[in-house]
Amino acid sequence: MTKYPHLKADFTASLVVFLVALPLCVGVAVASGVPAELGLVTGIVGGIVTGLMRGSSLQVSGPAAGLTVLVYEAVDEFGLPVLGVIVLATGLLQIGMGALKVGRYFRAISVSVVEGMLAGIGLVLIAGQLYSVLAAKAPESGLDKIAGLPEAVVDALDSTTSLASLALGAGTVAVLVLWKRLPARVRVVPGPLAAIGLATAAAVLLDAPVATVEVNGLLGSIQPPSMSAFGELASIGLIGTVVAFTLIASAESLFSAAAVDRMHDGPRTAYDKELLAQGAGNAVCGVLGALPMTAVIVRSAANVQAGARTKASRVLHGVWLLLFAALLPGVLAYFPIPALAGVLVHAGAKLIPVRSLLKLWREHRGEALILVVTAVSIVAVSMFEGVLVGVALSVVKTAWDASHVKLEVIDKGAGPVQAYLSGNATFLRLPKILDSLEALPQDRPVELHLSGLHHLDHACRTALESWAERHSTAETEPVKVTAL
């Protein structure tokens, strides 16, 4: 035991993480429109391949609810055989970024954009999974999913199958919400497993008319991408999807790493190495035709809270997933679809940062606006475009904040009016500058001092020259400009 002083703690933690990961792996796969076993494959790779690599020692990787919407859209548009190509390309891009030491720069992405991205994903995920809870078919777009919910609920009230499905789904969410309030000895069993276990038992005992997971077998579900599938890489749409996968998976993983680092006192995350590890895992998942992976905060938090001390816990959790998939795949066939949807509705709700938004609104309304617009754009348009809108807004806000400019006017009543510009004069502040200058007395000479400016862009320089020409009439001395 002296050679492995933390083996007992890591072994116990690995079992807890396995029990948390199992229903989530299956639920994410089903919600993504792929065979349930592929979720387990990604969990296995996340545990054994990524888990063995250096980066963040305690965070756990696997299929994530945050990518569910994007994966579903990709499979719907390009087909399941091409998913492996997308995930493989994503992994190779992440490996390249890790080798170029780009990982640390992901910390520079606006937190509001990332939280807005997760909120948008959460809203679309909740809306989509509520249709599964109601045993109804979900519309294609995010807006249609939300708009169609009232009608779907009304229709469900007239169907015995839909009511049974709704009861299981709602019961699953209720168990997950109330689980934290139960005694500690009961909470030894992870909430997601308890919720799925109770729903499965209820469905079997009551012979409920609800849909269950379709089981194909582990080997039968693995579909390495064919050579013809790689031809899709010539499509601009597919390249955009790969970029979206890469940015979102990388950002989510590295933000998760930062959160996990705050939960323990062990070694800190090496961001570039973690990005390499995530890339290696996604490359393997791509070769196997499985789901993409990210670091998952739910599993990672469970790992830390269960007392894990080294990476052995996450590797062992991958081993337990492999043994389950190999020896007990038939158990999946008893999992009710509405219960898995309930788990994802609960997971989607956690992605919506209500408390952060309220705090941002009180303290930084510009950041709150970026969060809301990013989320709404994702719901209204798509994941990729929504994130681009958020990033663009963040850049504009940063530029606006950085372009502080001050105009001080000194008028002693006689002689020229002294105007001093200081700060950063950019086109974003041009209306304010011109309004102030045009308010100066037209019949008085003006001296404009620019020596206090740190930066003067071309648009501002041109506008100031035009103003000086207009102000320098025949009755007034020409404006004297002190150069920058």
Side-chain angles (χ1 to χ4, degrees), residues 28-35 38-39 42 63-97 102 106 109 113-114 116-118 120-125 127-128 137-146 223-253 278-279 282-294 373-393 395:
V28 169
V30 172
S32 300
V34 306
L38 291 183
T42 300
L67 284 175
T68 301
V69 175
L70 195 58
V71 173
Y72 183 88
E73 291 175 353
V75 171
D76 185 57
E77 182 175 356
F78 302 107
L80 183 57
V82 182
L83 179 63
V85 175
I86 296 173
V87 178
L88 174 58
T90 296
L92 294 177
L93 271 178
Q94 288 180 309
I95 290 171
M97 291 192 302
V102 176
F106 271 86
I109 296 176
V113 174
V114 175
M117 174 191 78
L118 295 176
I121 292 168
L123 288 170
V124 177
L125 182 61
K137 180 174 175 57
E140 293 295 327
S141 73
L143 285 177
D144 289 342
K145 285 183 174 73
I146 294 173
Q223 297 179 14
S226 63
M227 292 306 297
S228 61
F230 283 92
E232 295 289 336
L233 285 172
S235 163
I236 296 297
L238 188 136
I239 292 173
T241 301
V242 170
V243 172
F245 269 62
T246 304
L247 293 178
I248 293 168
S250 301
E252 191 169 343
S253 294
Q278 293 294 325
N282 272 318
V284 174
C285 287
V287 170
L288 298 174
L291 290 169
M293 75 166 60
T294 73
V373 171
T374 302
V376 171
S377 299
I378 287 172
V379 173
V381 189
S382 73
M383 177 78 63
F384 189 48
E385 284 84 351
V387 172
L388 289 181
V389 168
V391 171
L393 274 179
V395 170

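Side-chain contact between L288 and P224 is absent, with no heavy atoms from C-beta onward closer than 4.5 Å. Within the 4.5 Å cutoff, no side-chain heavy atoms of V69 are placed close to those of S32. The shortest distance between side-chain heavy atoms of T374 and V389 does not fall below 4.5 Å. Between F245 and I86 there is a side-chain heavy-atom pair separated by less than 4.5 Å. Residues M97 and T246 meet the side-chain proximity criterion, which asks for heavy atoms closer than 4.5 Å.
Among all heavy-atom pairs drawn from A229 and P81, the shortest one is CB-O, 3.9 Å. Considering all non-hydrogen atoms of both residues, F78 and S235 come closest at CE2-OG, 4.2 Å. Summarising the geometry of P63 relative to G39, their closest heavy-atom pair is CG-O, 3.5 Å, with the distance given to 0.1 Å. The nearest pair of heavy atoms linking G116 to I378 is O-CD1, 4.2 Å. Between G128 and A138 the shortest heavy-atom distance is O-CB, 4.2 Å.
Expressed to the nearest 0.5 Å, how far CG of L93 lies from CG of L88 amounts to 10.0 Å. Annotation: the span from T241 atom OG1 to E77 atom CD amounts to 6.0 Å, rounded to 0.5 Å. Going from atom CG of L247 over to atom CD of Q94 covers 9.5 Å, rounded to the nearest 0.5 Å. Interatomic distance, Y72 OH to L125 CG, rounded to the nearest 0.5 Å: 12.5 Å. Atom-to-atom distance recorded for E252:CD and L67:CG is 6.0 Å, nearest 0.5 angstrom. Atom OG1 of T42 and atom CG of L38 lie 7.0 Å apart (nearest 0.5 Å).
Distance alone, capped at 3.5 Å, places no donor-acceptor pair between the K145 side chain and the A127 backbone. For N282 (side chain) and V87 (main-chain N/O), no donor-acceptor pair under 3.5 Å exists by modelled atom type.
Screening V85, L238, I239 for a side-chain contact (heavy atoms from CB on, under 4.5 Å) with E232, the sole residue that qualifies is L238. The only member of L291, L80, V30 that meets side-chain contact (heavy atoms from CB on, under 4.5 Å) when paired with P35 is L80.
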